[in-house]
Novice: 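Supplied in structure tokens, the structure appears directly below.
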Amino acid sequence: MIGATGRGGPAASAGRIGAMILRYWYLLRSSWPRLLELVYWPTVQMFMWGFLQSYLHQQEGMLALAGGALLGAVLLWDILFRGQIGFSISFLEEMWAQNLGHLMISPLRAGEFIAALMVMSLIRVIIGVVPVSVMAVYFFGFNIYGLGLALVGFFVILMVTSWAIGLLVCGLVLRQGLGAESLVWSLIFLMLPLACVYYPVTTLPHWLQYVALALPPTYVFEGMRAILIDGVFRPDLLMTGLALNLIYLAIGLAAFLALLRSARIHGSLLVSGE
Amino acid sequence: MDISSAAAAVTAQDLYKRYRKVVAVDHVSFQIPRGATVGLLGGNGAGKTTTIAMIMGLVLPTSGAISVLGEDMIRHRQRVLHRMNFESPYVNMPMRLTVRQNLTVYGRLYGLPELSGRIAALAGALDLRELLERPCGRLSAGQKTRVSLAKALLNDPELLLLDEPTASLDPDTADWVRRHLENFRRERGATILLASHNMPEVERLCDSVIIMKRGRIVDEDSPAALLRRYGRATLEDVFLAVARDEAGLPAPGGVSGAGTDAEMGG
């Protein structure tokens, strides 16, 4: 008897989460283009918006002020975007490798699988966004870390929202198969206009403002503009964003578990193709 | 039938699975004694894959109950998953990871102590030493089967589920795999459920056979008893007689669809 210890207990659970993180780390390091890609797009975006910000700085009045927040918005948006993609890509790796069946019959629990995906999302964001944020200081004199402690709150809100969306998207792919893969790339972009990444909420039509205010990232971008443009830290925005996050994460978890159960009812775990 | 019987490795009671209008498994009941090797036979769409998937907990039955190693698989599958494993040439190991990396990840998922020693022992037993640092995507079909088998034996399972373990292998490699399975069963005292279309393999490995057709069990017994009952020389002839309704068996009724293969794989 080899003595598998696949049952409960925090140590066994941490071991299984570690095993999944190790798997994704093996995957990541096996391909340098994948590693490069993590930094490539954030860098391209940073330069494009950085030059635009430099141009706006040369203008006068509000335009110059608003321009000062552009790079901040780009970097924070990247946390949300890369966070969701990082979560979902790790999941899709299992679908592409047709490995989900092996995992589902192993002692790995759904919660442990999700925890590993969250850690990988965090790792991918750190690899992708941190070097770019340092480059922004060097090339454009924009220091996102100047947001101070508020940045920690913003980061938490954006990461948790990215996980909530990732959970929903992965649940749908689990249930519908790889035919639903495009949701991984497309659903998050709904946040771009609605969460008011580059403009204040008041820009939106009145009725759409209610939708925007129901999204946690809106409070991040409003809060960032309050600091960079008005020089005011708004803890109320931070707290509202965090509270909304709890609801979104709970909905994401419930949706993933319900879709996983539905996949087990409909036999979707046996067919992980299109 | 006592569903939680500890004497049986697997107990299926009135198992029924319906995918919309298609009945994949139609009120099936059977027991697999501990330590036995049982063959699950049937043509494409007979319900074998769905039955195995329900035993593993990958698919939830519409109704009925399944117990594995004394645990209710529908409610408490987490209690028993570390004591069982599965191998199929149709389910790939992740291609870009090396053999060693894959076995390391699965060994950790199963919480195995002294993992590197275990991998080394399996690599020796399954002739994988030369392949350990090679990505799984660069292996031949026979090598992939051996790696899959290593993954399936990693946790020294009490219950091993095999879906056509020697499909697409040359006769020599297939014979090698069968010998290894025989050794494993003898040394471990493990229970094996084998779905296969290879009748000589089933005759060689299995103590008893369950024959399925259109989602129902149409017969079950030892290979020798089935040969006697049907008056045939080989299990393949028995299989053909059942498949072509030449055996005088009652046609399964109440089944609204037979072609479940496209959806479920067999």
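Chain identifiers are assigned alphabetically (A, B, ...) following the order of the sequence lines, protein sequences preceding nucleic acid strands; residue numbering begins at 1 within each chain.
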Novice: If we ignore angles and hydrogens, is there a donor and acceptor under 3.5 Å between the side chains of A:Glu112 and A:Ser13?
Specialist: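 Side chains of A:Glu112 and A:Ser13: pair found under 3.5 Å.
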
Novice: Taking 4.5 Å as the heavy-atom cut-off, does anything in residues 119-127 of chain A contact chain B, and if so which residues?
Specialist: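 The residues closer than 4.5 Å to chain B amount to none at all.
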
Novice: What option among A:Ala19, A:Gly101, A:Ala97 has the most heavy-atom pairs under 4.5 Å with chain B?
Specialist: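 Among A:Ala19, A:Gly101, A:Ala97, the one with the most close pairs to chain B is A:Ala19.
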
Novice: Between B:Glu87 and B:Arg146, does any side-chain N to carboxylate O distance fall below 4.0 Å?
Specialist: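 So B:Glu87 does not pair with B:Arg146 through a salt bridge.
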
Novice: Tell me, for A:Ile17 versus chain B, whether the close heavy atoms (under 4.5 Å) come from the side chain, the backbone, both or neither.
Specialist: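 Contact with chain B is absent: no heavy atom of A:Ile17 under 4.5 Å.
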
Novice: Is B:Asp26 salt-bridged to B:Arg214, cutoff N-O under 4.0 Å?
Specialist: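 The answer is no: the pair does not qualify as a salt bridge.
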
Novice: Would you say B:Tyr19 and B:Thr50 make side-chain contact, with heavy atoms under 4.5 Å?
Specialist: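 In contact.
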
Novice: Using heavy atoms and a sub-4.5 Å threshold, report which of residues 247-264 of chain A line up against chain B, by residue number.
Specialist: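 Residues of residues 247-264 of chain A touching chain B at under 4.5 Å: A:Arg261, A:Arg264.
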
Novice: With no hydrogens and no angle check, just 3.5 Å: does a side-chain donor-acceptor pair link B:Tyr106 and B:Arg108?
Specialist: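 Distance-only check fails for B:Tyr106 and B:Arg108.
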
Novice: Checking side-chain polar atoms at under 3.5 Å, does A:Asn245 have a donor or acceptor matched by the opposite partner on A:Thr161?
Specialist: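 The criterion, which ignores hydrogens and geometry beyond distance, is satisfied for A:Thr161 and A:Asn245.
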
Novice: Is the shortest distance from a Lys or Arg side-chain nitrogen in B:Arg83 or B:Glu71 to a carboxylate oxygen in the other one below 4.0 Å?
Specialist: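 A salt bridge is absent here (no side-chain N lies under 4.0 Å from a carboxylate O).
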
Novice: What parts of residues 22-32 of chain A touch chain B if we use heavy atoms and a cut-off under 4.5 Å?
Specialist: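 So the qualifying residues are A:Leu22, A:Arg23, A:Tyr26, A:Leu27, A:Arg29, A:Ser30, A:Ser31.
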
Novice: Measure B:Leu97 against the heavy atoms of chain A and call it side chain, backbone, both or neither at under 4.5 Å.
Specialist: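 The side chain, not the backbone.
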
Novice: Quick check: do B:Leu126 and B:Val147 have side-chain heavy atoms less than 4.5 Å from each other?
Specialist: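 B:Leu126 vs B:Val147: side chains apart.
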
Novice: Are A:Leu108 and A:Met20 packed together at the side-chain level, in the sense that at least one heavy-atom pair is separated by less than 4.5 angstrom?
Specialist: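 In contact.
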
Novice: Is it true that the side chains of B:Gln143 and B:Ser140 contain a donor and an acceptor less than 3.5 Å apart?
Specialist: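 There is such a pair (donor and acceptor under 3.5 Å, judged by atom type) between the side chains of B:Gln143 and B:Ser140.
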
Novice: Is it true that B:His27 and B:Lys17 share a donor-acceptor pair across their side chains at a distance under 3.5 Å?
Specialist: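 No, because no side-chain N or O of B:Lys17 sits under 3.5 Å from a partner of the opposite role on B:His27.
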
Novice: Relative to chain A, which segment of B:Ser88 carries a heavy atom at a distance below 4.5 Å: side chain, backbone, both, or neither?
Specialist: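 No part of B:Ser88 comes within 4.5 Å of chain A.
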
Novice: Going by side chain to side chain donor-acceptor pair (under 3.5 Å), name the residues that satisfy it together with B:Arg75, two or more places apart in sequence or in a different chain.
Specialist: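 Partners of B:Arg75 by the side chain to side chain donor-acceptor pair (under 3.5 Å) criterion come out as none, since no residue qualifies.
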
Novice: Establish, yes or no, whether a centroid distance under 6.0 Å links the rings of B:His82 and B:Tyr110.
Specialist: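 No - the distance between ring centres of B:His82 and B:Tyr110 does not fall below the 6.0 Å cut-off.
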
